[in-house]
Amino acid sequence: MDGETGKATASWESGLLAPVDRLRLDRADSPTPGLVEGTEPGAGQKSAIFYHAQSYEDLTAEAEKEAQRASEPHGSEGHDGEEFSTLVGKKSTEERLNSDTSSESRGKEEDVSSEAWRSHKKHVFVLSEAGKPIYTRYGTEEALSSTMGVMMALVSFVEAEKNIIRSIHADGCKVVFLTKSPLVLVGVSKTGQSEKELLRELQYIYYQIVSLLTLTQLNHIFQHKQNYDLRRLLAGSEYLTDNLLRRLERDPGLLLSAVTCLPLASSARDVVSSSLQAAKAKNLVFSILLAGDRLVTLVRKKDQFLHHIDLHLVFNLVGSSSSFREGEGWTPICLPKFNTAGFFHAHISYLEPASELCLILVSTDREDFFNMSECKQRFMERLSKRSAYQAMKEALKCPNYSVAQVGIPELRHFLYKSKSSGLYTSPEFPEVYQSDEEQERLMGLYQDLHSCLHHPTRPLRSFYRCSEAENLLAWVTSGFELYLCFSPMSTKALAVSAVNKLLKWIRKEEDRLFILSPLTY
Amino acid sequence: MSAMRVDAKVVMLGKESVGKTSLVERYVHHRFLVGPYQNTIGAAFVAKPIQVGEKVITLGIWDTAGSERYEAMSRIYYRGARAAVVCYDLTDSSSFQRAKFWVKELQNCEEHCKIYLCGTKSDMIEGDRSLRQIDYHDAQDFAEEIGAQYFETSSKTGKNVDELFQKVAEDYNSSAFQFMTEETGVDLGQKKDSYFYSCCHNN
Ligand SMILES: Nc1nc2c(ncn2[C@@H]2O[C@H](COP(=O)(O)OP(=O)(O)OP(=O)(O)O)[C@@H](O)[C@H]2O)c(=O)[nH]1
Ligand SMILES: [Mg+2]
């Protein structure tokens, strides 16, 4: 069991794109379904559908190494720590003064010196190593240039001392720094999320920016002109980053490093997949069919894997913009987990004008537009002749299911991720979590549980937690990750027995909820 | 859909938010979308058949993104184009500078591409004349200097939009006609469709 996990991780670390193929014997007959990776409900049949890490470790692996380095007993560490907090104290008053003077330049957006601006739960700033503002989640970069300057001063101060500044804790606020040359990302959070979690979110933002420009171009720009104002090139893309931040708060997929599927009879899904498979072209690498934020299917070139982060960046791009609704889109996109150096070219179009079904064809060739357009045409022709298209449209009418179907009265909601396929499933939010605040609160609880299960030094296998509003159980095996939310009336014994019942239900429904037979061309 | 043959490749160029997408949207779908502005990502392609005299010509319109981020890509969109609609916002003089940049680029790289200079959002200056930042005659003079047609359009009201694309199609048609008559003696039977410019698979 553990050996398997180890191997898969190793294959990631050595940079192989293909995950280790695992034996999947007895998947259907397994008495305790899914305790072993590869036999859990939702595990694909042959190989993974896209590249996915075991968990989110890959995102924080580097940061962790840094953390380890930092925690090694090295000279003046603790001392520096103290210096920071005094420094932060001093600087924050300076910030306030500065932002007062700059308040005239406040844009159409928010007044950065206002209480409202300060009271946001999470701020994210991106700046260049020269301290030039690149992005702020709230307010305008201009109004914040002095604040960014202070941040940069902090970063360079510490770097000069050969320490890498990682985080500052003050006033119920965590300030987290991520230096990804030539960019520096700063998160300021009051959410109680762990440092690791915040770093992971900053990584996502970093990848978002790289996906628009490539790292090669970023490096090139700043090598030539340290002082370059990157906002020129990012103009009009801020909403992508805004949206990604919102998703990080709300989308279980980003938390679980997994993707969810449109529930669809496997017979219909297989037809859709094979129609996509048939519509191939020389430079076509990935064909992705989305229904809103859900994957219908993904067909890929043999031996090429799409990392879940890259897939989420694609989801974010498509989901954030209505611009692909007009005709057929053709855009360069860097998939940073695949390759930070170059652009792919994505043909993005909806199957029908008002449809939620969006097809993304990723090619390596920038001249490939008409080839991709033809692939889409061939796919559509094949599909429209078959009943699968109708089945898919039917499925779209109820893209979600109610937790009541599971038949466990106390169970309110859950997240289940199959580790080997990197796919997860989750029912719609029940009545009690209808408002945005409630949904975000529940996501926050899941995040806490997730942090406990993935604690860098003391990870837990399972965790039960009672509170006034709900009881929660989280459980991780080498095969799956499961988060359950029960009514506050339930008991621990009940929760434990519910797990088995739920796993059996997922096993029964797995054909519909997951992509079990991914195809390649 | 795009599988239909495209006769003439038309590219929309201009600074971001000058209204290229709105222009195409008005022309192709006869509507003007209100709501928050959504900048184009990369480029969008749409094929639109248009009646010219007895004939139907299909324009393959490339609506490019104005963001500088995509500047390096722009060649693939205008290469081989028969017409370029270079847009600027009548209420924004910086966008006129950007239009001049595109004109230069086209003159250098795409000499066979006909240029249509288009001042957008004319409804705004009709509402408030002081909003106009580019004098009509200045724009007209510039257009003459570069041998371009000049239009002032409003995608909001639809004013001049159909006229613009109609002109593009007619100009294409008459030049294609010339091209065809030149070809006739040479190779009529074999290359029946050769006068159709195909923007697919060039190279
Ligand atoms: N009043 C008025 N507003 C317009 C007109 N055309 C466009 N707009 C507005 O200008 C903004 C930008 O329009 P788009 O058509 O998206 O601009 P674009 O040139 O495609 O921008 P990019 O895709 O970023 O290059 C939108 O808010 C439109 O509503 C017009 O004719 N009149
Ligand atoms: Mg546009």
Side-chain angles (χ1 to χ4, degrees), chain A residues 209 211-214 217-218 220-221 229-240 242 314 316-318 320-334 343-353 365-381 384, chain B residues 1-6 9-12 15-18 20-29 31 33-48 59-77 79-80 94 98 198-203:
Chain A
I209 294 174
S211 84
L212 291 165
L213 298 171
T214 74
Q217 198 183 335
L218 267 178
H220 184 84
I221 289 165
D229 185 355
L230 197 64
R231 283 175 306 160
R232 273 183 64 176
L233 283 186
L234 291 176
S237 72
E238 298 83 356
Y239 71 102
L240 290 176
D242 295 346
V314 172
N316 187 47
L317 179 74
V318 173
S320 307
S321 176
S322 66
S323 108
F324 303 112
R325 294 234 163 240
E326 331 296 339
E328 298 164 70
W330 182 240
T331 181
I333 179 172
C334 168
F343 280 120
F344 282 101
H345 298 269
H347 181 280
I348 304 175
S349 65
Y350 285 83
L351 298 195
E352 286 173 48
D365 183 2
R366 55 151 82 177
E367 307 280 347
D368 236 5
F369 175 82
F370 287 98
N371 290 332
M372 293 301 107
S373 188
E374 203 190 307
C375 286
K376 180 196 175 184
Q377 223 50 50
R378 276 190 281 145
F379 167 66
M380 290 303 289
E381 272 159 28
S384 52
Chain B
M1 296 231 110
S2 68
M4 73 174 79
R5 192 184 50 218
V6 167
K9 176 173 178 177
V10 180
V11 63
M12 313 291 296
K15 193 184 163 173
E16 62 202 47
S17 89
V18 296
K20 300 176 292 297
T21 303
S22 305
L23 211 52
V24 175
E25 191 64 23
R26 164 61 76 182
Y27 175 58
V28 176
H29 300 293
R31 61 184 176 193
L33 297 177
V34 280
Y37 148 61
Q38 280 269 356
N39 32 49
T40 304
I41 292 170
F45 177 84
V46 61
K48 169 81 176 170
L59 301 180
I61 305 172
W62 278 102
D63 171 23
T64 67
S67 167
E68 274 185 53
R69 186 164 65 249
Y70 302 105
E71 199 176 297
M73 294 294 158
S74 60
R75 252 190 77 74
I76 64 168
Y77 303 122
R79 197 179 47 219
S94 72
R98 189 74 184 155
S198 156
C199 62
C200 331
H201 320 298
N202 51 344
N203 315 331

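Because the structure is predicted, anything quoted here is derived from the model rather than measured. Lettering follows sequence order; numbering is per chain, from 1.
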Next on the checklist: If I measure from the heavy atoms of chain A, does B:E68 come under 4.5 Å with its side chain, its backbone, both, or neither?
Outcome noted: both

Item to check | A:R232 CZ to B:E71 CD distance, which is reported to the nearest 0.5 Å | outcome: 8.5 Å

Checklist entry - What part of B:Y70 lies closer than 4.5 angstrom to a heavy atom of chain A: side chain, backbone, both or neither? => result side chain

Checklist entry - Below 4.5 Å, heavy atoms only, C-beta onward: do A:W330 and B:I76 meet side chain to side chain? => result yes

Checklist entry - With only heavy atoms counted, which part of B:L33 is less than 4.5 Å from chain A, the side chain, the backbone, both or neither? => result side chain

Item to check | Max heavy-atom pair count under 4.5 Å with chain B, selected residue of A:L213, A:L240, A:L212 | outcome: A:L212

Next on the checklist: Tell me whether B:R31 at atom CZ has more than 12 heavy atoms from other residues, nucleotides or ligands lying less than 6.0 Å away.
Outcome noted: yes

Checklist outcome for this item: Highest number of heavy-atom pairs under 4.5 Å with chain B among A:P332, A:G329, A:A346 belongs to A:P332

Item to check | Contacting region of A:S349 [heavy-atom separation from chain B under 4.5 Å] | outcome: neither

Checklist entry - Is it the case that more than 12 heavy atoms not belonging to B:H29 sit under 6.0 Å from its NE2 atom? => result yes

Next on the checklist: For a quick test of reading the model, state the closest non-hydrogen atom pair linking A:G327 to B:V46 and the distance between them.
Outcome noted: CA-CB, 4.4 Å

Item to check | CZ on A:R366 to OH on B:Y77, rounded to 0.5 Å | outcome: 8.5 Å

Next on the checklist: Between A:H345 and B:M73, is there a side-chain heavy-atom distance shorter than 4.5 Å?
Outcome noted: yes

Next on the checklist: On a heavy-atom basis, which atom in A:S321 and which in B:N39 lie closest, and how many Å separate them?
Outcome noted: OG-O, 4.4 Å

Next on the checklist: Could you report the tightest heavy-atom contact between A:A235 and B:R69, atom names first, then the distance?
Outcome noted: O-NH1, 3.3 Å

Item to check | Residue B:A72 versus chain A: region with a heavy atom under 4.5 Å | outcome: backbone

